[in-house]
Participant: 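The structure's right below; bear with me while I get my questions together.
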Amino acid sequence: MRYRFFYSIIISCLLFFGSNSYSADLENGKELFKFCTLCHGKVGQGVIGGDFPKIGGLPEYYLAAQIDEFVAENRFNPAMVTIGRLDSMTDKEKADLAAYIASIDIQKQAPTLTIPTFTGNAKKGKKLYKGDCKTCHGKKAEGRVKKKAPPTAWQYSEYLSRQIDFFKAKDRIHDNDPEDETFDDYSKEEIIDILTFISTLDD
Ligand code: HEC
Ligand code: HEC
């Protein structure tokens, strides 16, 4: 009898933790988000010019993965990890935080915010984007869960440009593939054309 009792407790625990049956605590996530607003803005709108990226409304899968990347220093920004207190948060807290940030409706919270259009050739950029980026980032740069690729349509062009420089220098890994060569053959001008096309997609 006793064994059966313990056995059923263990099974219940496995079911509970294995099924993701707890839902994220958005109130707790909102509370923790206060550590992020100093740099990312009150609703995660970032700063025009892209020194601080927009994060409000990014998908949960991407936020959670990137938070881990920063804590592990695969993406290097110690000030964010310390001031944002990410280094002392539990996994549950980080999950609550990612769920809250993902739940922010940025269009509603910051309706006047638009991405200034970048200055390259959008037509050329569209062609390159369709050939090389669309499969993962989506037709309208809305991101694709299946590819774990983030939306880029409403992100500041300067921020995206900086990330591409990091990818090229292997200071950040693109598509979780250390051998990734996506950007190797593009000139600076072509990258600007692609980013110009992306910056026309934010409505
Ligand atoms: C001290 C300023 C600062 C604070 C505080 C801060 N961040 Fe950041 N964050 C940055 C900067 C700067 C970047 C861009 C880094 C880069 O260029 O790689 C960034 C990038 C990010 C990104 C990547 C966005 C993307 O599209 O890939 C995420 C996600 C993020 N921050 C989440 C958070 C969260 C969550 C918090 C609060 C716990 C937080 N940040 C607090 C400065 C900060
Ligand atoms: C095979 C899939 C794939 C293709 C093709 C692809 N990407 Fe990505 N991209 C990703 C993934 C996955 C990420 C998330 C980064 C990571 O792996 O941590 C990403 C991240 C990015 C980021 C960083 C966004 C942010 O918010 O920080 C930029 C910028 C980007 N990609 C641009 C491009 C461009 C431009 C192209 C086409 C020239 C392209 N990607 C093609 C999968 C892809």
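Counting convention: from 1, in listed order, for ligands and their atoms alike.
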Participant: Going by heavy atoms, is F76 under 4.0 Å from ligand 1?
Facilitator: no
Participant: Answer side chain, backbone, both or neither: which part of D51 comes under 4.0 Å from ligand 1, heavy atoms only.
Facilitator: backbone
Participant: Would you find more than 12 non-hydrogen atoms of other residues, nucleotides or ligands less than 6.0 Å from D185 atom CG?
Facilitator: no
Participant: Using a cut-off of strictly less than 2.8 Å, determine whether H40 has an N/O/S atom near atom 8 (Fe) of ligand 1.
Facilitator: yes
Participant: Below a 4.0 angstrom heavy-atom separation, can you tell me which part of R85, side chain or backbone, both or neither, approaches ligand 1?
Facilitator: neither
Participant: Is it the case that the side chain of D96 and the backbone of D25 share a donor-acceptor pair, with hydrogens and angles ignored and the cut-off at 3.5 Å?
Facilitator: yes
Participant: So does P53 get a backbone contact from the side chain of H40, meaning a donor-acceptor N/O pair under 3.5 Å?
Facilitator: yes
Participant: Measure from the side-chain N and O atoms of N74 to the backbone N and O of E69, and report whether any donor-acceptor pair falls under 3.5 Å.
Facilitator: no
Participant: Near K94 NZ, under 6.0 Å, is it more than 12 heavy atoms from other residues, nucleotides or ligands?
Facilitator: yes
Participant: Below 4.0 Å, non-hydrogen atoms only: which portion of N77 touches ligand 1? Side chain, backbone, both or neither.
Facilitator: side chain
Participant: With a 3.5 Å cut-off and sequence neighbours excluded, list the donor-acceptor pairs that the side chains of residues 139-156 form with protein atoms.
Facilitator:
| from | atom 1 | to | atom 2 | distance (Å) |
| --- | --- | --- | --- | --- |
| E142 | OE1 | K139 | N | 3.4 |
| E142 | OE1 | K140 | N | 2.8 |
| R144 | NH1 | T135 | O | 2.5 |
| Q155 | OE1 | K54 | N | 3.0 |
| Q155 | NE2 | K54 | O | 2.8 |
| Y156 | OH | Q45 | O | 2.5 |

Participant: Once you restrict both partners to nitrogen or oxygen, which atoms of ligand 2 have a protein partner under 3.5 Å, and how far apart are they?
Facilitator:
| from | atom 1 | to | atom 2 | distance (Å) |
| --- | --- | --- | --- | --- |
| ligand 2 | 7 (N) | H137 | NE2 | 2.9 |
| ligand 2 | 7 (N) | H174 | NE2 | 2.8 |
| ligand 2 | 9 (N) | H137 | NE2 | 2.8 |
| ligand 2 | 9 (N) | H174 | NE2 | 2.7 |
| ligand 2 | 17 (O) | D175 | N | 3.1 |
| ligand 2 | 17 (O) | N176 | N | 3.1 |
| ligand 2 | 18 (O) | Q66 | NE2 | 3.3 |
| ligand 2 | 26 (O) | Y62 | OH | 3.3 |
| ligand 2 | 27 (O) | Y62 | OH | 3.2 |
| ligand 2 | 27 (O) | Y159 | OH | 3.0 |
| ligand 2 | 27 (O) | R172 | NH1 | 2.8 |
| ligand 2 | 31 (N) | H137 | NE2 | 2.9 |
| ligand 2 | 31 (N) | H174 | NE2 | 3.0 |
| ligand 2 | 40 (N) | H137 | NE2 | 2.8 |
| ligand 2 | 40 (N) | H174 | NE2 | 3.1 |

Participant: So does R172 pair up with D180, basic N to acidic O under 4.0 Å?
Facilitator: no
Participant: Within the distance-only criterion (no hydrogens, no angle test), does the side chain of S157 pair as donor or acceptor with the backbone N or O of F118 below 3.5 angstrom?
Facilitator: no
